[in-house]
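As structure tokens, the structure follows; a few thoughts come after it.
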Amino acid sequence: MMQRNGEELNSHNNVCSQSSENSELIVINILEYTLILGVILSTNSVFWNAIGMTYNYVIRSMVILSVGLLSVWLCVNYRHYRVNLSKQLMLVVVYLLMLVPILANSWIAGELAKSDWIRLLVFAPLSIPYLDWIVRNNGLIRLARKYILLITGLSALSILFWGATQLGILNSNMSLAISWGGQQVIPGLWGVQFFPQGEVGFLGIQLIRNCGIFCEAPMYSFVITVALMIIIFFHKIIHIERWKIVILAITLLSTAATTGVIVIILSLALKLLLDSRMSLKLLIGIIGLPIVFVVLESILTSKVNSMGGSVDIRQEDIIAGYHAWMQRPLLGHGLSDADAYLPFISFYRTVLNGNDGFSSGLMQVLSKTGIYGGVLFVAFPVLLSRVISKQVFGFAVLLFVDFTMTVVDNTYLLLIIVLLFYVGLVKQVSQKYFRPSEWVPENIN
């Protein structure tokens, strides 16, 4: 009888333990979905830049609270999740020390806005314990799948409404005031699809650019491109369904964003080279590269012929950004000085209703934070990613290409990616020089 009671007690305890772990996993999943959705919306969506609304505050709260709760939960239950608190603290301290020159320069220049210090001094330190944990626990696969799922959902929704608008089935039924290259009021459909940009020629077709819920097509293209690049370089471990890839590819084309299309073509070519043997690489180089160059030339020629003004502006922005950087080459003009390039662009772009927005993320970083910030936020993550793996290096290189022509330097999405590169590097170094057992946490996927 006592033995039976003991077995029943053990069975009851196992059930309770399993139930508790399931509840924890549900909470973690909810918080991760909240974090990813907030990060996507903060990548210059119309809600993030809405005028006179509380959307920005709500989105920022989603990002900060979700990642904060995840990190606090892990640290409080550090024994269960085998989190090394001293190493987490060391990572945060090193991160803050690396930021000191940039923060000091921005503070002295009076160019440290509230949004910057919240992103760099609140969000980033809070996120490091969580990001370090998911990298060591293979949770990054789970996080990538959630990101791709949400982007696919947004893409499917936008294709539906954008397509209906293109066919004349639906017309805009609302408007929203946003601050993007000046104040403007943009038309939309039920708050799930917006049309901030007009009709353009793309690959010989005239179409209204699909911007989804973003302020412009390049921003929408960027979040889709990141999802597609994850699939291309890491498809062997994340196993994404083909229908999702089709939806993402169609949506990317509907944005008429040349940079995104070129980056995906280059990603496919680079991935093929990375996965091939040396003899096959030589064959691909001889036969495949000319084909890739012809395709890219056709796309760029179409871009110049149909959107020549956009090309001219991008070229001018790179030159203007360079001149602004050269004024303060070491530490830049300050994190919040996004207008240092204005004296170096054409006058007509600075007058009322002129297009004075900047278009190069790389030159924006160099102008704001100088060569120090360029090395810290761009060069080191890209070059040192080779230490992690060839696939991560390929992803980093093509992300750099996309980032060069897209202003996403102040987004939470790019900050998370940069932090993940550093955390992944620390993991590789620690596994090489320390006992692996002390770095491997429990698997709760």
Side-chain angles (χ1 to χ4, degrees), residues 13-14 16-39 61-99 118-147 230 234 237-238 380-381 384-385 387-389 392 412-413 415-445:
N13 289 337
N14 289 335
C16 290
S17 176
Q18 185 67 39
S19 176
S20 175
E21 289 182 2
N22 289 338
S23 299
E24 289 178 14
L25 189 56
I26 290 173
V27 173
I28 289 175
N29 281 327
I30 291 173
L31 289 174
E32 285 180 341
Y33 272 117
T34 303
L35 170 63
I36 297 169
L37 179 60
V39 166
S61 297
M62 288 170 60
V63 173
I64 300 295
L65 290 177
S66 56
V67 79
L69 288 172
L70 284 166
S71 288
V72 169
W73 178 261
L74 292 172
C75 291
V76 170
N77 299 279
Y78 70 96
R79 292 185 183 277
H80 175 66
Y81 296 109
R82 297 179 67 180
V83 174
N84 191 316
L85 293 180
S86 62
K87 289 184 174 64
Q88 302 295 334
L89 180 61
M90 180 185 69
L91 288 174
V92 173
V93 170
V94 170
Y95 163 78
L96 293 174
L97 289 175
M98 291 168 68
L99 275 187
I118 288 178
R119 190 178 73 257
L120 296 174
L121 295 180
V122 178
F123 171 78
L126 279 176
S127 68
I128 287 175
Y130 166 68
L131 296 178
D132 179 68
W133 176 73
I134 63 171
V135 166
R136 298 183 187 282
N137 190 49
N138 296 324
L140 195 53
I141 299 172
R142 182 180 69 243
L143 201 67
R145 287 174 180 159
K146 288 184 173 72
Y147 176 81
I230 292 172
F234 310 108
I237 57 176
I238 60 175
F380 272 5
L384 297 180
S385 63
V387 176
I388 303 174
S389 72
V392 173
Y412 287 94
L413 176 58
L415 179 58
I416 286 176
I417 293 173
V418 170
L419 290 174
L420 283 172
F421 280 132
Y422 277 112
V423 169
L425 178 64
V426 171
K427 176 189 175 184
Q428 290 299 105
V429 173
S430 65
Q431 288 181 337
K432 182 176 181 180
Y433 295 103
F434 297 92
R435 289 179 297 143
S437 59
E438 65 182 69
W439 295 91
V440 181
E442 293 180 11
N443 188 348
I444 71 159
N445 283 328

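Index from 1, following the sequence.
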Fill in: Interatomic spacing from OH in Tyr130 to CG in Leu419 - rounded to 0.5 Å
13.0 Å
Worksheet item: Roughly how far apart are Ile28 CD1 and Trp133 CH2, rounded to 0.5 Å?
Response: 4.5 Å
Fill in: Check: His80 main-chain N/O paired with Asn77 side-chain donor or acceptor under 3.5 Å
no
Worksheet, complete the sentence: Smallest heavy-atom separation, Arg142 atom then Ile134 atom, equals NH2-CG2, 4.3 Å
Worksheet entry | Under 3.5 Å donor-acceptor, Tyr95 side chain and Leu120 backbone | yes
Worksheet item: Is any side-chain heavy atom of Tyr81 closer than 4.5 Å to a side-chain heavy atom of Trp73?
Response: yes
Item to complete: May I ask you to decide if Val67's main-chain N or O and Ser127's side chain share a donor-acceptor pair within less than 3.5 Å?
Response: no
Practice prompt. Ignoring hydrogens and angles, tell me if any N or O in the side chain of Ser66 forms a donor-acceptor pair with the backbone of Val63 under 3.5 Å.
Written response: yes
Discussion item. Return the CD1 to OG distance between Ile417 and Ser385, rounded to the nearest 0.5 Å.
Written reply: 12.0 Å
Item to complete: Flag the pair Val426 / Arg136 as yes when at least one side-chain heavy-atom distance between them is below 4.5 Å, and no otherwise.
Response: yes
Worksheet item: Ignoring hydrogens and geometry, is there a side-chain-to-backbone donor-acceptor pair from Arg119 to Tyr412 under 3.5 Å?
Response: no
Fill in: Spacing of Asn137 atom CG and Asp132 atom CG [to the nearest 0.5 Å]
10.5 Å
Item to complete: Would you confirm whether Thr34, through its side chain, and Met62, through its main-chain N or O, come within 3.5 Å as a donor-acceptor pair?
Response: no
Worksheet, complete the sentence: To the nearest 0.5 Å, atom CG of Leu143 lies from atom CG of Leu420 at 7.5 Å
